There are 2 protein chains.
Amino acid sequence: MSLPHAILTALLEKPSSGLELTRRFDKSIGYFWSATHQQIYRELGRLEESGLIRVLPAERPARGQKKEYEVLPAGRDELAAWVGRPEDPKPVRDPLLLRLRAAGVVGTGGLVAELRRHLGLHRGQLAEYEAIEERDFPPGPSGAEDRLRHLVLRGGIDLETFWVNWLTQALADVEGGAQRSRSRDTR
Amino acid sequence: MSLPHAILTALLEKPSSGLELTRRFDKSIGYFWSATHQQIYRELGRLEESGLIRVLPAERPARGQKKEYEVLPAGRDELAAWVGRPEDPKPVRDPLLLRLRAAGVVGTGGLVAELRRHLGLHRGQLAEYEAIEERDFPPGPSGAEDRLRHLVLRGGIDLETFWVNWLTQALADVEGGAQRSRSRDTR
DNA sequence: CGGAACATGTAAAAAGTTACATGATTAG
DNA sequence: CTAATCATGTAACTTTTTACATGTTCCG
C-alpha cells in the first residue's frame, strides 16, 4: 500500500494541489509510481483525515477552487518509518510474458506486430529517461538526495534496457523460428 | 484483464481442477502471473458461465469433490484473439524505487538492510530460474512451444539479473554515500 | 457571453487480498 | 476416531480503473 507514501513524498518535495500532484504523477514520480487524479483526490482526503497532511491556510474551500496541501510532522514520521519497513517484492505479473506463453499453445497470430509495437514504446521511454539523465545528472560529485534520485532514474533506464534487449531477442527468435518452420514445411 | 487468459492457457496445457491450477500458479505459470486460489475459483466460475470452459463429465458436483475443467473451442478462440490484441505495457509501479525516492527527502534509515534483503531474495529467484533453464532447456534445436517457453523463462532470468545488478549498485552507492557524508561530517 | 482549460470531485465496476467456512478422503 | 490434507468455496475489504458530474477562471 504505497500510494499514500508516494503522495507524502511528492508533497514533501513540494506542497501542491490535487491537480498539480496529478501532473507530477504523469512525469517524474509517475515514472515509478503511477496514479490517476481520482486516486489522488481520494487519498488526499484520507491523509488529511488521518492528520498526516493539511490544507494550507488562506483557502477558499469550495468545489472548483484550488486547495494546496502540505505534510505535517506526523506525515513525515510515517514516511520515514515506511522507508525502512520490510516489504517483500510483489510477484511478477506481466501480460506480455503471459501472452508469449499462451502463443505456445494457440499460435503466434498477431503477436509479432505486438512485440514490435512494445519494442518501439520501450525504446521511446528509454530515450526519454536518457535525456533526463543527461539534463539533470551531469557527472561529478552530488548531494545525497541527487544521488538517490539518480539511482532511481538508473533503475528506470536499466529496466527499459532490459525490455528493449529482451524484445529484440524475442522478435529474432519468433521470426527466425517461423522461418525455420516454413523452410521445414517446404522442404 | 489477463487472469482469465492465464487460466485458459494453463487449462490448455493440461485440464485441471481448481486446486491443481492453484499449485501451478505457485510455480511455472506463477513466475509471470500470480494468482490465489480464491481468484482462481471465482474466475473458473465466470469462465464456465461464459461458455469458454466446462467441467469434465463423470463428476460428482459437490463441495469438497474434485472438479476438472477443460477448455472449449470458444475458449481457445478467445485466447488466440487475445494473444495478438494490442495492449499497452502498464506503467511501472515499484515500491522499492519509490522508497528510494522517499529516502531522498526523509533519510535512508533502515533502507540499507531492506535493500540487502531484497538483493538476497532476487539472487535466490535468479538461481531458481537458472536451475530450471538448465534442467528444462538443454542446448540444441527445439520446437516452437519450447522456444517460446524458454523465451519467457529468459525474460524472468533477465529481469532478476536486472534487479541483482541494480540493487548491488544501489547498495554500493548508498553505503558509499553514507561513508562520504560521515567523513565529511568528522572533518 | 461562450468555450477552453482549470480544478475538484462522485459513482460504479473490476480486480486483488485476507480471513474464514465446509465437506471429503486418507493415514495412523 | 481423529487429525491432517485435499478440495471447493463465501464474505468482507481494499485498491484500481473507468465514466461521469460540477464548478471556476480566463481569453477572445
Side-chain angles (χ1 to χ4, degrees), chain A residues 1-8 10-11 15-26 29-30 32-50 53-56 58-69 82 87-95 98, chain B residues 1-8 10-11 15-26 29-30 32-50 53-56 58-69 82 87-95 98:
Chain A
M1 217 203 40
S2 311
L3 177 58
H5 301 103
I7 292 180
L8 288 173
L11 286 181
S16 310
S17 68
L19 191 63
E20 280 162 10
L21 280 177
T22 302
R23 291 202 214 296
R24 293 168 60 197
F25 274 82
D26 278 341
I29 304 263
F32 48 91
W33 197 274
S34 67
T36 63
H37 76 110
Q38 292 89 339
Q39 276 181 287
I40 289 168
Y41 283 117
R42 179 155 37 87
E43 198 62 45
L44 282 172
R46 284 184 198 159
L47 285 169
E48 189 184 8
E49 201 180 1
S50 330
I53 64 174
R54 66 162 184 177
V55 179
L56 277 178
E59 291 306 330
R60 305 140 299 180
R63 202 184 180 113
Q65 296 290 350
K66 195 193 232 180
K67 266 163 80 179
E68 287 233 305
Y69 291 90
W82 176 74
E87 190 184 308
D88 283 352
K90 290 255 166 299
V92 175
R93 208 177 254 176
D94 187 275
L98 180 58
Chain B
M1 217 202 40
S2 311
L3 176 59
H5 302 102
I7 292 179
L8 287 173
L11 286 181
S16 310
S17 68
L19 190 61
E20 280 161 10
L21 280 178
T22 301
R23 293 202 213 296
R24 292 168 60 198
F25 274 82
D26 278 340
I29 304 262
F32 49 90
W33 198 275
S34 67
T36 62
H37 76 110
Q38 293 88 341
Q39 277 181 285
I40 289 168
Y41 283 117
R42 178 150 42 89
E43 199 61 44
L44 281 173
R46 286 184 197 159
L47 286 169
E48 189 184 7
E49 202 180 0
S50 331
I53 65 174
R54 67 161 183 178
V55 180
L56 278 178
E59 291 307 331
R60 305 141 295 182
R63 201 186 179 108
Q65 297 288 352
K66 196 194 235 185
K67 266 163 78 178
E68 287 231 307
Y69 291 91
W82 175 74
E87 190 183 309
D88 284 351
K90 290 254 166 300
V92 175
R93 209 176 253 177
D94 188 275
L98 181 59

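All values reported here derive from a predicted model rather than from experimental measurement. Within every chain, numbering begins at 1; the chains are lettered A, B, ... in the order of the sequence lines, protein sequences first and strands thereafter.
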Report task. Indicate yes or no: at least one non-hydrogen side-chain atom of B:Pro4 is less than 4.5 angstrom from one of B:Arg46. Result -> no
Query - Between C1' of D:dT17 and CG of B:Leu3, the distance in whole Å - result: 16 Å
Requested in this report: Pick base, sugar-phosphate or nothing for B:Ser17, based on heavy-atom distances below 4.0 Å to the nucleic acid.
Outcome: sugar-phosphate
Query - Distance in angstrom units between B:Gln39 CD and D:dT8 P, rounded - result: 17 Å
Requested in this report: Spell out yes or no: do the side chain of A:Arg93 and the base of C:dG16 have one donor N/O and one acceptor N/O closer than 3.5 Å?
Outcome: no
Query raised in the report: If we only count heavy atoms from C-beta on, is the A:Arg93 to B:Lys90 side-chain gap below 4.5 Å?
Result: no
Requested in this report: Return the nearest nucleotide to the side chain of A:Arg23; candidates are D:dT8, C:dC6, C:dG9.
Outcome: C:dC6
Requested in this report: Please examine the side chains of B:Leu11 and B:Leu47, heavy atoms only from C-beta on, and report whether any two atoms are closer than 4.5 Å.
Outcome: no
Requested in this report: For the side chain of B:Gln38, starting at C-beta, report the closest nucleotide among D:dT17, C:dT18, D:dT8.
Outcome: C:dT18
Requested in this report: Using heavy atoms to find the nearest nucleotide of DNA chain D for B:Arg42 and A:Trp33 separately, return the residue whose nucleotide is more 5′.
Outcome: B:Arg42
Report task. Measure from CD1 on B:Ile7 to P on D:dT8 and round the result to the nearest Å. Result -> 13 Å
Requested in this report: Report the distance from atom CD of B:Glu43 to atom P of C:dG16, rounded to the nearest whole Å.
Outcome: 9 Å
Query raised in the report: Between D:dT8 and B:Tyr41, is there an OP1 or OP2 to side-chain N/O distance shorter than 4.0 Å?
Result: yes
Report task. Specify the separation, in whole Å, of atom CG of A:Leu19 and atom P of D:dG23. Result -> 18 Å
Query raised in the report: At under 4.0 Å, does any side-chain N or O of B:Lys67 touch on OP1 or OP2 of D:dG9?
Result: yes
Query raised in the report: How about A:Leu19 and A:Tyr41: do any of their side-chain heavy atoms sit closer than 4.5 Å?
Result: yes
Report summary line: Separation of D:dC13 atom P from A:Met1 atom CE, nearest Å, is 17 Å
Requested in this report: Without swapping roles, check the side chain of B:Glu48 against the backbone of B:Gly45 for a donor-acceptor pair under 3.5 Å.
Outcome: no
Query raised in the report: Quick one: is D:dT15 close enough that its OP1 or OP2 comes under 4.0 Å of any side-chain N or O from A:Arg46?
Result: yes
Report summary line: Taken to the nearest whole Å, NE2/B:His37 to C1'/C:dT22 is 13 Å
Query raised in the report: Rounded to whole angstroms, how far apart are CD on B:Glu20 and C1' on D:dT5?
Result: 15 Å
